[in-house]
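Take a look at the structure below.
Atom set for the values below is all heavy atoms of this structure, side chains included, hydrogens, waters and symmetry mates excluded.
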Amino acid sequence: MALTGQDERFFRAALALGRRNLGAAAPNPAVGALVVRDDVVVGRGWTAIGGRPHAETQALAQAGDLARGATLYVTLEPCAHHGRTPPCAEAVVTAGIARVVGGLTDPDDRVAGEGYGLLRRAGIVVEADILPDLCRSAHRGHILRVAEGRPMVTLKIAQTADGQAAGGAHDRRLAITGPAANSRTHVMRAMHEAIMVGIGTALDDDPLMTVRLPGCDRKPLRVVVDARLDLPLRSRLVVGARDFPTLVLCGAGADPARRAALQEQGVEVEACALDDARLDLRAALQLLAARGISRVFSEGGPRVGAALIAQGLADEMVLFTSPKPLGRKGVEALSVEAREKLADPHAYRIVEQGLLGADSFIHYERK
């Protein structure tokens with residue numbers, strides 16, 4: 001059976017549902033599902049916080065008997081393995097679904113086509129790998145964690161009109177963007193399981209790295225890349241560590257006394273491989289992936305940003321630009337090499353751009 005325009009509309013609606021717990025569904029992907037019978041939605045589901053229950057089982061439960069003979073729209077192949085819960089593919093068969101319009105084949109070796117195979121063997125009509133570009137974008141974190149052993153990274157940089165991210169060494173912290181762009185930043189933080197900065201940003205800005213949105217209680221893991229454990233004990237990150245989970249990644253040779261002092265304040269400290277006296281960013285991301293994290297929001301500043309772009313680790317990049325120039329020499333928001341990489345159509349493409357109040361933004365996606 002060929003896909004119809006109605007199929008695409010319902011599938012896009014399932015993608016939108018899946019975004020509801022994006023950043024909170026780890027270690028499972030944030031999937032969306034719709035059960036539709038006679039062009040009427042009779043069941044909706046999305047992966048719950050913490051990864052369970054799955055989207056399909058929630059949508060099927062809501063549909064009840066109306067699922068028999070209906071179509072299931074789901075943004076990722078239903079799982080086919082027994083974990084803490086039975087396979088979703090078996091639940092789809094048991095519910096009497098007649099047709100499945102599904103997203104990407106799951107790269108997880110425990111699924112890898114077997115979910116769709118189980119459905120087809122049960123006589124269900126399956127249309128798989130629908131709207132692959134949109135599905136890859138929606139599930140990029142899951143795909144990278146399975147395929148490369150690391151989470152996806154969204155890099156956010158704010159710059160003045162003349163390309164500066166900060167003033168001089170003794171300048172006070174710059175407030176570059178306005179309320180609309182700042183609110184967008186908090187929304188993006190909420191859609192990731194971890195927020196990462198380098199020690200330079202932690203020292204210069206003394207950030208909170210929290211999600212501050214009305215009615216939103218998301219608490220992403222706050223990660224500081226700090227090879228020598230220079231994070232001050234009186235910093236806001238350390239002071240708030242008992243209320244907001246905080247992890248400092250350091251070199252194996254970091255001062256044990258500093259490590260103990262941070263841990264006493266509720267900060268988790270973990271050693272990571274170094275690369276020429278700096279923390280190895282790929283190793284750091286692999287360490288986060290091993291903890292079940294699939295999406296990292298990096299506000300690490302120009303140095304970390306340039307390294308992520310250069311190493312092919314910045315999977316998405318959002319650049320905010322204020323209409324006001326700094327008017328003097330400061331800290332360049334992006335290196336020449338990083339700007340050239342972003343401008344290279346073989347490396348990145350622009351997926352969105354526009355205005356947020358007086359500020360402009362460009363959203364890049366790595367190819």
Side-chain angles (χ1 to χ4, degrees), residues 16 19 22-23 137 152-192 194-198 200-218 220 222 236-237 295-306 308-309 314-345 347-366:
R19 290 171 62 87
L22 195 62
S137 180
M152 68 88 69
V153 177
T154 301
L155 171 64
K156 174 254 178 178
I157 296 282
Q159 65 176 2
T160 59
D162 48 358
Q164 308 301 300
H170 303 292
D171 284 357
R172 62 185 178 88
R173 178 183 176 183
L174 287 181
I176 295 176
T177 50
N182 293 342
S183 293
R184 173 68 72 92
T185 297
H186 283 283
V187 170
M188 289 190 293
R189 286 178 180 178
M191 297 172 73
H192 294 74
I195 305 170
M196 183 174 73
V197 299
T201 297
L203 293 174
D204 293 343
D205 295 349
D206 192 21
L208 283 171
M209 290 168 57
T210 56
V211 176
R212 299 186 292 281
L213 293 170
C216 183
D217 62 354
R218 298 277 174 91
R222 305 183 301 176
R236 295 199 292 179
L237 286 167
R295 292 175 58 84
V296 173
F297 188 61
S298 175
E299 299 182 78
R303 180 178 293 170
V304 170
L308 288 170
I309 292 172
D315 303 295
E316 296 186 22
M317 197 282 190
V318 182
L319 178 64
F320 292 111
T321 303
S322 165
K324 297 180 180 179
L326 179 62
R328 61 184 183 278
K329 180 62 177 175
V331 178
E332 291 283 345
L334 288 167
S335 65
V336 172
E337 294 79 9
R339 292 187 188 276
E340 289 177 348
K341 189 78 172 284
L342 287 172
D344 182 354
Y348 283 90
R349 66 187 183 96
I350 295 174
V351 294
E352 186 182 11
Q353 57 186 322
L355 294 174
L356 291 167
D359 303 311
S360 62
F361 76 95
I362 304 177
H363 189 159
Y364 300 88
E365 188 174 78
R366 187 172 62 86

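For the side-chain hydrogen bond (donor to acceptor under 3.5 Å, both in side chains) test with His363, the passing option among Arg349, Glu316, Gln353 is Glu316; the others fail. Test Asn182, Thr321, Asp359 against Thr177 for side-chain hydrogen bond (donor to acceptor under 3.5 Å, both in side chains) and you get one pass: Asn182.
The line from CG of Asp204 to CG of Leu174 is 10.5 Å long, rounded to the nearest 0.5 Å. Between Glu332 atom CD and Asp162 atom CG the span is 8.5 Å, to the nearest 0.5 Å. For the atom pair CG (Asp206) and CZ (Arg236), the distance works out to 5.0 Å, reported to the nearest 0.5 Å. One finds the CG atom of Leu334 at 11.5 Å from the CD atom of Glu340 (value rounded to the nearest 0.5 Å). In this structure, CG in Leu319 is found 10.0 Å from NZ in Lys156, a value given to the nearest 0.5 Å.
Using modelled atom types, one finds no donor on one side chain facing an acceptor on the other under 3.5 Å when comparing Gln164 with Gln159.
Counting all heavy atoms, side chain and backbone alike, Pro323 lies closest to Ala161 at O-CB, 3.6 Å. Closest non-hydrogen pair, Gly198 versus Val304, comes out as CA-CG2, 3.9 Å. Heavy atoms only, all atoms of each residue included: Ser137 and Glu365 are closest at OG-OE2, 3.3 Å. Of all non-hydrogen atoms in Lys341 and Tyr348, the two that sit nearest each other are O-CD1, 3.6 Å. In this structure, Leu308 and Ser298 approach most closely via the heavy-atom pair CD1-OG, 3.5 Å. In this structure, Ile309 and Ala338 approach most closely via the heavy-atom pair CD1-CB, 4.0 Å.
Put simply, the side chain of Asp315 gets close to the backbone of Val153: a donor and an acceptor are under 3.5 Å apart. Remark: side-chain polar atoms of Arg222 are paired, donor with acceptor, to backbone N or O of Leu208 under 3.5 angstrom.
The aromatic rings of Phe361 and Phe320 are tilted relative to each other, their planes meeting at an angle between 30° and 60°.
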Less than 3.5 Å apart, which donor and acceptor atoms pair up between the side chains of residues 184-191 and the rest of the protein, not counting sequence neighbours?
{"from": "Thr185", "atom 1": "OG1", "to": "Ala181", "atom 2": "O", "distance (Å)": "3.1"}
{"from": "His186", "atom 1": "ND1", "to": "Thr210", "atom 2": "O", "distance (Å)": "3.4"}
{"from": "His186", "atom 1": "ND1", "to": "Arg212", "atom 2": "N", "distance (Å)": "3.1"}
{"from": "Arg189", "atom 1": "NE", "to": "Glu299", "atom 2": "OE2", "distance (Å)": "2.7"}
{"from": "Arg189", "atom 1": "NH1", "to": "Thr210", "atom 2": "O", "distance (Å)": "2.6"}
{"from": "Arg189", "atom 1": "NH2", "to": "Glu299", "atom 2": "OE1", "distance (Å)": "3.3"}
{"from": "Arg189", "atom 1": "NH2", "to": "Glu299", "atom 2": "OE2", "distance (Å)": "3.2"}

inquiry  = Between His192 and Met152, does the side chain to side chain contact (heavy atoms under 4.5 Å, CB included) criterion hold? Intermediate values first, please.
reply    = CA-CA 9 Å; His192 294 74; Met152 68 88 69; 4.2 Å; yes
